[in-house]
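Structure first, then comments.
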Amino acid sequence: MTNIADNIKILINLFNGAKFDTVITKSKKLIREFPEYLILFNILGSAYQNTGKLNLAKEVFKKALKLDPNNISVMNNLGNVYKNMGDIDLAKTLFQKIIQKQPNYINAYINLGNLERDNNDFMTAIGLYKEALKINDKNPIIFYSLALAYQGIGEFNSAIEHAHKTLNLDPTFTQADLLISQSVRYKDENEHYKDM
């Protein structure tokens, strides 16, 4: 009998190594053998999403939700697929449903905030990111998302401040350096210029 735990670890390693075609092939085989493991559907759908096969990703996540209608992780991934397909209302509804079901699920706040920011509703996005910070104030992605939102409304000092907070938590977060460099006029004595 196949050891499902070991196979899931292998799939996750392949996924993290961006070997999405291999992940798809192996996941489909394992789902036939172990259809009760929702994580396999999540991995398969995410691999499809990463290869741009959004319709296939949507179908996999919807199938997983039929098996477990309350699975927050699957809902979150399906919400991202809907967002990437341009179905903003469905994405928004799913993210809001997640927040109602599990108010501490930080990814739903971030994803809903990103959706609002992408639709130029920066103030709603900022509010959602601040709610996420109440759950975890050590997450660099939240601070970076806030920096982007503040940059979007022209509050460059706040954008720079939050980009610095991002870098304090994760010095390798190069997008934050890029945001700062887009928002700062450099002189030779500038501290960020020296840091880079």
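Worth knowing before you read on, the calculation uses all heavy atoms, side chains too, and leaves out hydrogens, waters and symmetry mates.
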* Asked: Going by heavy atoms in the side chains, are Gln182 and Gln151 under 4.5 Å from each other?
  -> yes

* Pairs satisfying salt bridge (charged side-chain N to carboxylate O under 4.0 Å, His left out), at least one member in residues 108-137, at least two apart -> Lys83-Asp118, Lys92-Glu116, Glu131-Lys134

* To do: Test Asn119 against Ile88 for side-chain contact (heavy atoms from CB on, under 4.5 Å), laying out the working first.
  => CA-CA 9 Å; Asn119 287 308; Ile88 303 307; 3.6 Å; yes

* Structure fact -> When every non-hydrogen atom of Leu67 is compared with those of Pro35, the smallest separation belongs to CD1-O, 3.8 Å

* To do: Kindly determine whether Phe143 and Asn168 satisfy side-chain contact (heavy atoms from CB on, under 4.5 Å), including the steps that lead there.
  => CA-CA 10 Å; Phe143 285 107; Asn168 287 340; over 6 Å; no

* Asked: What pairs with Tyr105 under ring-ring contact (aromatic ring centres under 6.0 Å, His included), at least two apart in sequence or on another chain?
  -> none

* Does Ser158 have any side-chain hydrogen bond (donor to acceptor under 3.5 Å, both in side chains) partners at least two apart in sequence or in another chain, and if so, which? -> none

* **Taking every non-hydrogen atom, the tightest pair across Val60 and Gly45** => CG1-N, 3.7 Å

* Are any of the side-chain heavy atoms of Ile43 and Ile39 separated by less than 4.5 Å? -> yes

* To do: Decide if atom NZ of Lys26 counts as having more than 12 heavy atoms of other residues, nucleotides or ligands within a radius under 6.0 Å.
  => no

* Asked: How many angstroms lie between CD1 in Ile12 and CG in Asn7, if you round to the nearest 0.5 Å?
  -> 11.0 Å

* Any chance the rings of Tyr144 and His162 have centres within less than 6.0 Å? -> no

* To do: Without swapping roles, check the side chain of Tyr129 against the backbone of Ala147 for a donor-acceptor pair under 3.5 Å.
  => no

* Quick one: pull up CG in Asn80 and CG in Leu54 and give me the separation to the nearest 0.5 Å. => 10.5 Å

* Check step by step if side-chain contact (heavy atoms from CB on, under 4.5 Å) holds for Val81 and Met85. => CA-CA 6 Å; Val81 168; Met85 294 177 85; 3.6 Å; yes

* Structure fact -> Rounded to the nearest 0.5 Å, the CG atom of Asp68 sits from the NZ atom of Lys66 at a distance of 14.0 Å

* Please answer: with hydrophobic residues joined when any side-chain heavy atoms are less than 4.5 Å apart, are Val23 and Ile8 in the same cluster? => yes

* Asked: Between Lys63 and Glu59, is there a side-chain N and carboxylate O pair less than 4.0 Å apart?
  -> no

* Over all atoms of both residues, closest heavy-atom pair of Ile135 and Pro103 -> CD1-O, 3.4 Å

* Between Thr124 and Leu112, is any pair of side-chain heavy atoms under 4.5 Å apart? -> no

* Does the side chain of Ser181 reach to within under 4.5 Å of the side chain of Leu178, using non-hydrogen atoms? -> yes

* Rounded distance (nearest 0.5 Å) linking atom CG of Asn107 with atom CD of Gln102 -> 10.5 Å

* To do: List the atom of Pro140, the atom of Leu169, and the distance in Å for their closest heavy-atom pair.
  => N-CD1, 3.9 Å

* To do: Go through the steps for Leu44 and Leu56 under the test side-chain contact (heavy atoms from CB on, under 4.5 Å), then give the verdict.
  => CA-CA 9 Å; Leu44 175 60; Leu56 290 171; over 6 Å; no

* Under 4.5 Å between side-chain heavy atoms, hopping through other hydrophobics if needed: is there a path connecting Phe156 to Leu179? -> no

* Asked: Any idea which heavy atoms bring Ala91 and Gly79 closest together, and the distance?
  -> CB-O, 3.3 Å

* **From CD1 (Ile110) to CG (Leu128), nearest 0.5 Å** => 10.5 Å

* Which atom names give the shortest non-hydrogen contact between Ala125 and Gly113, and what distance separates them? -> CB-O, 3.3 Å

* Do Ile98 and Tyr109 come close enough that some side-chain heavy atom pair is under 4.5 Å? -> no

* Any side-chain donor paired with an acceptor under 3.5 Å for Ser73 and Asn71? -> no

* Check: Ile4 main-chain N/O paired with Tyr37 side-chain donor or acceptor under 3.5 Å -> no

* To do: Using the ring-ring contact (aromatic ring centres under 6.0 Å, His included) rule, take Phe15 and Phe20 through it: C-alpha gap first, then chi angles, then the decisive distance, then the call.
  => CA-CA 6 Å; Phe15 185 91; Phe20 301 120; 5.1 Å; yes

* Do Asn76 and Leu94 come close enough that some side-chain heavy atom pair is under 4.5 Å? -> no

* Do Leu78 and Leu90 come close enough that some side-chain heavy atom pair is under 4.5 Å? -> no

* Atom pair CG/CG of Leu40 and Leu11 - distance to nearest 0.5 Å -> 6.5 Å

* Asked: Any side-chain heavy atom of Phe41 sitting closer than 4.5 Å to one from Ser27?
  -> no

* To do: Check the surroundings of atom CG in Asn16: do more than 12 heavy atoms from other residues, nucleotides or ligands lie under 6.0 Å from it?
  => yes

